[in-house]
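Accompanying notes for the structure given below.
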Amino acid sequence: MLFSSVVFLFYFLPLVLGLYYVLRFSVTIKNMLLLVASLFFYAWGEPWFVLIMLASICSNYVFALLVDKFRERRNAAYTIITMMLIVNLGMLFVFKYLVFALRIVNENTSFGLSIPNIALPLGISFFTFHGISYVIDVYRGHGAVQKNLFYVALYISFFPQLVAGPILRYNTIADQMVNRKESWDKFAVGCCRFIVGLGKKVLLSNSMAIVADHIFSMGGTSEVSSSLAWLGAIAYTLQIYFDFSGYSDMAIGLALMFGFKFEENFRYPYISRSITEFWRRWHISLGTWFKEYVYFPLGGSRVTNKDKMIRNLLIVWGLTGVWHGAEWTFVVWGLINFAFIALEKIFSFDKGTRFIPLRHLYAMFIVVIGWVIFRSPDLLQAGHYLGNMFGLYGNGFWSDTTGMFLKEYAFFFILGILFCMPIATRMNKLMVDGARFRKPLELVYPLTIILLFLVCVSYLVKGTYNPFIYFNF
């Protein structure tokens, strides 16, 4: 079930919210309702995959109990951590990477292994990372072990963050599961945040998806002019940002409606002046996860020489690329990010304060090129698409198709570029700080939110293009 679906907006969410506030006299009953609702949410459309998530929950619950019990016996604790990683990563490998691995073997040998048809359970990368971080945090003493399976299940399956994050650490939510308090202020802020996220997804991301998907489907031919190829790349750059940040906004808003507070996952990454800064602003919870559980344990940047730091960055960015999908395009995309972040660290580029516009152009150029590779179905088509962007196939600069897309979608491109910048944040600050504008804004803001919701609903009811970008994750 998707947040941007009629079923979720008009049946699931109102029913769960209604029951939740009727049952608000008991935290235990409210949590039971959220757990049942979360399992139903996940099982919707793919009921058997919920068993995989339940297996992940139960195994990590047991591993956490064991690692807590044998914490003082280092060898036993390491053995338990190793087994936990084998189970979690083994499950992830079977469902996400086995077909890719067998394909590589067949392409490089004469074994001719049969390749099974394995469907990817939705959100498996997210709930796997939740489980791993929970057990490791228990071992490190960063949070008490949870002896009640019910709370571990709620932490991992809580539906606002289940299919697209943000990736939560157990100790950030443990206390909220038993001591949170709902309020009408939280509910109102949560509703507004959810609707803003819905608007990002339905109006901006989906509109950009029409342009990007059409142009990328032509990307393997030389009939794509340079301007059209750049337009498709920019459309995808906007699509993935508004899709992902829109889902994060919706998750944060939904959590607030139920009294939970999630950390921010995006902070306007497209205003970055370096690739390092971009990754401090993009998918913050994933970057934090890799820092806490891979980069720092390897030594991070505080190592005796730069060779080890480069090695650590290579491992992290290789894994980050693979995490996003089982295809060489994701690996290459991860390595490109590694290369530029490593160079920026070696030359302390991120600390510079001169040539700000050029730094911004540099960062966005690398980001757009990276998204082209990320979006392409394979490296051959990625190379062909990049060749079209730079006119390497004699494909010319302009085409009527470019003009047609610009004419039809200029409004969404302009809105997309504007809302990549912190306009909404400054409007909110103006409402809070500016007594002069507060009253008119207090009137305009709710009307704008209501109008935005109605427009989104009209798009959804009409059945407009509504792709789901997270199937690879």
Should we say atom CG of Asn108 is surrounded by more than 12 heavy atoms from elsewhere, each under 6.0 Å from it? yes
Can a donor-acceptor pair be found, under 3.5 Å and without considering hydrogens, that links the side chain of Thr172 to the backbone of Leu168? no
Which heavy-atom pair separates Gln239 from Ser205 by the least distance, and what is that distance? O-OG, 3.0 Å
With a 4.5 Å cut-off on side-chain heavy atoms, are Val322 and Val331 touching? yes
With sequence neighbours excluded, residues passing salt bridge (Lys or Arg N to Asp or Glu O under 4.0 Å) with Glu72: none
Distance-only polar pair, side chains of Ser285 and Asn265, donor-acceptor under 3.5 Å: yes
How about Phe260 and Phe158: are their ring centroids closer than 6.0 Å? yes
By side-chain hydrogen bond (donor to acceptor under 3.5 Å, both in side chains) - contacts of Tyr170 (at least two apart): Gln146
Just how far is it from atom CZ of Phe419 to atom CD1 of Ile414, taken to the nearest 0.5 Å? 12.0 Å
Testing the basics here: between Lys306 and Ile346, what is the closest heavy-atom pair and its distance to 0.1 Å? NZ-O, 3.5 Å
List the steps, then state whether side-chain contact (heavy atoms from CB on, under 4.5 Å) holds for Ile136 with His142. CA-CA 9 Å; Ile136 292 178; His142 292 170; over 6 Å; no
Which salt bridge (charged side-chain N to carboxylate O under 4.0 Å, His left out) pairs, counting each pair once, include a residue from residues 116-145, with sequence neighbours left out? Asp137-Arg169
Exercise: identify the closest heavy-atom pair between Phe8 and Leu2: CB-O, 3.1 Å
Which residues share a salt bridge (Lys or Arg N to Asp or Glu O under 4.0 Å) with Arg281, sequence neighbours left out: Glu277
Mind listing the closest non-hydrogen atom pair of Leu98 and Val94 along with its distance? CB-O, 3.4 Å
Given ring pair (Phe, Tyr, Trp, His ring centres under 6.0 Å), test Trp333 with Trp317 step by step and report yes or no. CA-CA 9 Å; Trp333 171 78; Trp317 285 101; 7.2 Å; no
Count the heavy atoms belonging to other residues, nucleotides or ligands that lie under 6.0 Å from CE of Met421, then report whether that count exceeds 12. yes
Val67 vs Met84 side-chain heavy atoms within contact, under 4.5 Å: no
Pairwise distance CD1(Ile423) to CG(Leu418) - rounded to 0.5 angstrom: 4.5 Å
Whether the side chain of Thr288 engages the backbone of Ile284 through a donor-acceptor N/O pair (distance < 3.5 Å, no angle test) should be reported. yes
Are any of the side-chain heavy atoms of Thr329 and Pro377 separated by less than 4.5 Å? no
Above 12 or not: heavy atoms from other molecules or residues under 6.0 Å from CZ of Arg73? no
Taking every heavy atom of Met389 against every heavy atom of Ala229, the minimum-distance pair comes out as CG-CB, 3.5 Å
Pair Phe278-Tyr268, ring pair (Phe, Tyr, Trp, His ring centres under 6.0 Å): steps then yes or no: CA-CA 9 Å; Phe278 174 80; Tyr268 301 104; over 10 Å; no
In the structure I gave you, are the side-chain heavy atoms of Thr237 and Tyr270 within less than 4.5 Å of one another anywhere? yes
Under 3.5 Å, is there a donor-acceptor pair between the side chain of Gln176 and the main chain of Lys261? yes
Which distance, rounded to the nearest 0.5 Å, do you find between the OH of Tyr295 and the CG of Leu319? 13.5 Å
Measuring only between side-chain heavy atoms, which start at C-beta, is Trp323 closer than 4.5 Å to Phe129? yes
Is the Trp371-Phe374 ring centre distance short of 6.0 angstrom? yes
To the nearest 0.5 Å, what is the distance between CD on Gln381 and CG on Asn388? 11.0 Å
Ring-plane angle category for Phe244 and Trp282, please: parallel below 30°, perpendicular beyond 60°, tilted otherwise. perpendicular
Examine the side chains of Thr402 and Ser399 and answer whether a donor and an acceptor come within less than 3.5 Å of each other. yes
A side-chain contact here means heavy atoms from C-beta on lying under 4.5 Å apart; do His130 and Val152 qualify? no
With a 4.0 Å cut-off, would you call Glu264 and Arg193 a salt bridge? yes
Results of salt bridge (Lys or Arg N to Asp or Glu O under 4.0 Å) for Arg273 - residues two or more places apart only: none
For Ser56, is there any backbone N or O sitting under 3.5 Å from a side-chain donor or acceptor partner on Asn60? yes
Worked check of ring pair (Phe, Tyr, Trp, His ring centres under 6.0 Å) between Phe126 and Trp289: CA-CA 11 Å; Phe126 290 99; Trp289 197 98; over 10 Å; no
Tell me whether the centres of the aromatic rings in Phe349 and Tyr362 are closer together than 6.0 Å. yes
Tell me if the aromatic rings of Phe390 and Trp230 count as close, with their centers under 6.0 Å from one another. yes
How long is the gap from CD on Gln161 to CD1 on Ile156, to the nearest 0.5 Å? 9.0 Å
Can you check whether Asn206 reaches Ile210 side chain to side chain, under 4.5 Å on heavy atoms? no
Could you tell me whether the side chain of Tyr42 and the main chain of Leu122 form a donor-acceptor pair under 3.5 Å? yes
Give the intermediate values and the outcome of side-chain contact (heavy atoms from CB on, under 4.5 Å) for residues Phe159 and Leu254. CA-CA 9 Å; Phe159 74 88; Leu254 285 169; 4.3 Å; yes
Side chains of Thr276 and Glu344: is there a donor and an acceptor less than 3.5 Å apart? yes
Using only atom types and a distance under 3.5 Å, with no angle test, would you say the side chain of Ser217 pairs donor to acceptor with the backbone of His214? yes
Are any non-hydrogen side-chain atoms of Leu452 and Cys456 less than 4.5 angstrom apart? yes
Atom pair CE/OH of Met208 and Tyr241 - distance to nearest 0.5 Å: 14.5 Å
Step-by-step side-chain contact (heavy atoms from CB on, under 4.5 Å) determination, Ser225 to Thr401: CA-CA 9 Å; Ser225 66; Thr401 314; over 6 Å; no
Distance flag, aromatic centroids of Phe100 and Trp328, threshold under 6.0 Å: yes
Nearest heavy-atom pair of Thr109 and Val105: which atoms, and what distance? OG1-O, 2.6 Å
Under the salt bridge (Lys or Arg N to Asp or Glu O under 4.0 Å) rule, collect the residues that match up with Glu263, sequence neighbours excluded. none
In terms of ring plane angle, is the pair Phe3 and Phe41 parallel, tilted or perpendicular, where the classes change at 30° and 60°? tilted
Is the NZ or CZ atom of Arg375 positioned over Tyr385's six-membered ring, under 6.0 angstrom from the centre and within 45° of the axis? no
Go through Ile275 and Asn337 one step at a time and tell me if the side-chain contact (heavy atoms from CB on, under 4.5 Å) criterion holds. CA-CA 7 Å; Ile275 303 303; Asn337 281 286; 3.7 Å; yes
